[in-house]
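A short worksheet on the structure shown next.
The analysis underlying the following values was restricted to heavy atoms, covering all of them including side chains, and did not include hydrogens, waters or symmetry mates. All chains are named by letter (A, B, ...) in the order of the sequence lines, taking the proteins before the strands, and each is independently numbered beginning at 1.
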Amino acid sequence: MDRNAILDFQDHLLQWFWANRRTMPWREVPSPYRIWISEVMLQQTRVETVIPYFQRFLAKYPTVADLAQSDEEELLKQWEGLGYYSRARNLRHAAQEILERFQGEVPQTFEELRTLKGIGEYTAGAVASMAFGQRVPAVDGNVYRVMARVTGCREDIAQGKTQKLLKAETLNVLPDHHVGDFNQALMELGATVCIPKGVPKCGQCPVKDHCEAFRETLQEEIPVKGKAKERRQEERTVLILEQAGRYAVRRREEPGILHGLYELPNVSGYYSKEEIQAMLAEKGMTALAMTALPEQKIVFSHLEWHLEGYQVKLKEEGGGYRFASLQEIRESFSVASAFQGYLTLLENEENALKAEGGETCR
DNA sequence: AAGCCGGGGAA
DNA sequence: TTCCCAGGCTT
């Protein structure tokens with residue numbers, strides 16, 4: 001694009017954004033802290049998913065200092081279900097760093113922001129431009145797609161060199177004023193018009209006159225993406241160990257997936273009742289009764305768990321596990337969603353039992 | 001550059 | 001089912 005085209009592109013995109021921007025809590029009442037938190041929550045996570053978490057989070061941790069002083073387990077409980085739990089740990093760590101190194105104020109430049117845990121190139125650009133007006137790009141998945149179409153890029157956008165090129169193109173069209181709004185406009189366009197799935201709504205696009213893909217009718221061919229790698233498959237057996245209405249849980253250890261979160265006991269591989277009984281006996285536990293549970297499949301981005309399970313009535317607590325009532329588990333422990341299916345099963349069972357109790361009393 | 005790290009909505 | 005989401009960190 002030449003100079004005049006760029007100015008026209010900027011103008012049309014900004015005008016479109018100001019007329020069509022969606023309402024978001026961190027947009028209506030912005031502050032550097034709120035923008036930072038929202039941007040971290042929005043990493044690989046949809047806006048609609050984030051909003052309720054954001055509201056709860058800000059109510060509980062209204063300032064950098066509150067976050068810095070937070071209890072990690074409580075923080076993870078707040079984060080439960082949002083995924084990518086390192087984000088929460090990094091947020092807390094960064095808050096402590098902001099107190100120590102930046103006098104409690106969110107740093108105002110891309111370079112300083114970039115030194116904080118959990119803030120990479122995208123998030124540093126987003127906070128620097130939106131909160132402080134620094135002229136830096138904020139290139140997320142939306143912007144890669146939009147810019148690939150605008151420039152007619154036929155290369156695989158998953159490749160590093162393609163991304164480098166598209167970041168340079170983005171910087172090239174970045175205005176001197178309203179950078180924050182411009183960056184948000186590119187993302188908003190990608191989320192609502194220049195969409196990733198289905199047919200992009202080019203009829204509604206404010207910059208289609210400057211779009212190479214539209215000019216060549218390649219908007220459904222671009223961006224180019226290589227197909228994803230297959231997920232690793234894992235077979236595991238989950239155990240619901242119950243004793244007097246209390247159930248065994250344990251905290252997942254570092255390193256590895258879901259570390260720091262709670263889970264039901266589980267082991268690698270599939271086993272028969274007898275084998276499970278022997279394993280329990282080895283850890284000094286006696287099974288009084290055992291029933292098989294339905295199979296479940298849990299899909300992560302790079303991994304699949306195929307779960308079998310047994311519900312075991314124990315003679316007494318043991319095995320080094322923590323035992324807690326369902327209510328306590330729900331209220332106090334951050335449990336990975338992979339195990340929520342089995343917890344719900346237990347809940348239904350308890351409710352059915354209560355209902356049955358009601359029947360017999362009648 | 002590639003692998004790891006979650007969970008959910010939508011087609 | 002698959003794709004992808006206002007990505008970052010580690011190896």
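- Side-chain polar atoms of A:Arg87 and A:Thr45 form a donor-acceptor pair below 3.5 angstrom.
- Remark: the A:Asn266 side chain and the A:Glu263 side chain contain an N/O donor-acceptor pair separated by less than 3.5 Å.
- When all heavy atoms of A:Ile98 and A:Val106 are compared, the closest pair comes out as CG2-N, 4.0 Å.
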Can you check nucleotides 3-7 of chain B for protein contacts, nitrogen or oxygen pairs under 3.5 Å, and list what you find?
from	atom 1	to	atom 2	distance (Å)
B:dG3	OP1	A:Lys229	NZ	3.2
B:dC4	OP1	A:Arg232	NH1	3.4
B:dC5	OP1	A:Ile257	N	3.1
B:dC5	OP2	A:His302	NE2	2.7
B:dC5	N3	A:Tyr84	OH	3.4
B:dG6	OP1	A:Tyr85	N	3.1
B:dG6	OP2	A:Leu258	N	2.4
B:dG6	O4'	A:Tyr84	N	3.0
B:dG6	N7	A:Tyr84	OH	3.2
B:dG6	N7	A:Ser301	OG	3.3
B:dG6	O6	A:Tyr84	OH	3.0
B:dG6	N1	A:Gln44	O	3.1
B:dG6	N2	A:Gln44	O	3.4
B:dG6	N2	A:Thr45	OG1	3.1
B:dG6	N2	A:Leu82	O	3.2
B:dG7	OP1	A:Tyr85	OH	2.7
B:dG7	OP1	A:Ser337	N	3.3
B:dG7	OP2	A:Ser337	OG	3.4
B:dG7	O5'	A:Ser337	OG	3.1
B:dG7	O3'	A:Gly81	O	3.4

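- Side-chain contact, A:Gln159 with A:Glu155: no donor N or O sits under 3.5 Å from an acceptor N or O.
- Distances shorter than 4.0 Å separate some side-chain N or O of A:Lys297 from OP1 or OP2 on C:dT1.
- Checked by atom type and distance alone, the side chain of A:Arg215 never pairs as donor or acceptor with a backbone atom of A:Asp209 at under 3.5 Å.
- A:Arg101 and A:Thr115 form a side-chain donor-acceptor contact under 3.5 Å, judged by distance and modelled atom types alone.
- Using a 4.0 Å heavy-atom criterion, one finds that A:Ser38 contacts no nucleic acid atom at all.
- Atom P of C:dG8 sits at a distance of 23 Å from the matching atom of B:dG9, rounded to the whole Å.
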Between protein and nucleotides 9-11 of chain C, what N or O pairs are separated by less than 3.5 Å?
from	atom 1	to	atom 2	distance (Å)
C:dC9	OP1	A:Gly118	N	2.8

Between A:Phe57 and A:Tyr53, does a ring pair (Phe, Tyr, Trp, His ring centres under 6.0 Å) hold up when you go through it step by step?
CA-CA 6 Å; A:Phe57 192 98; A:Tyr53 280 91; 9.7 Å; no

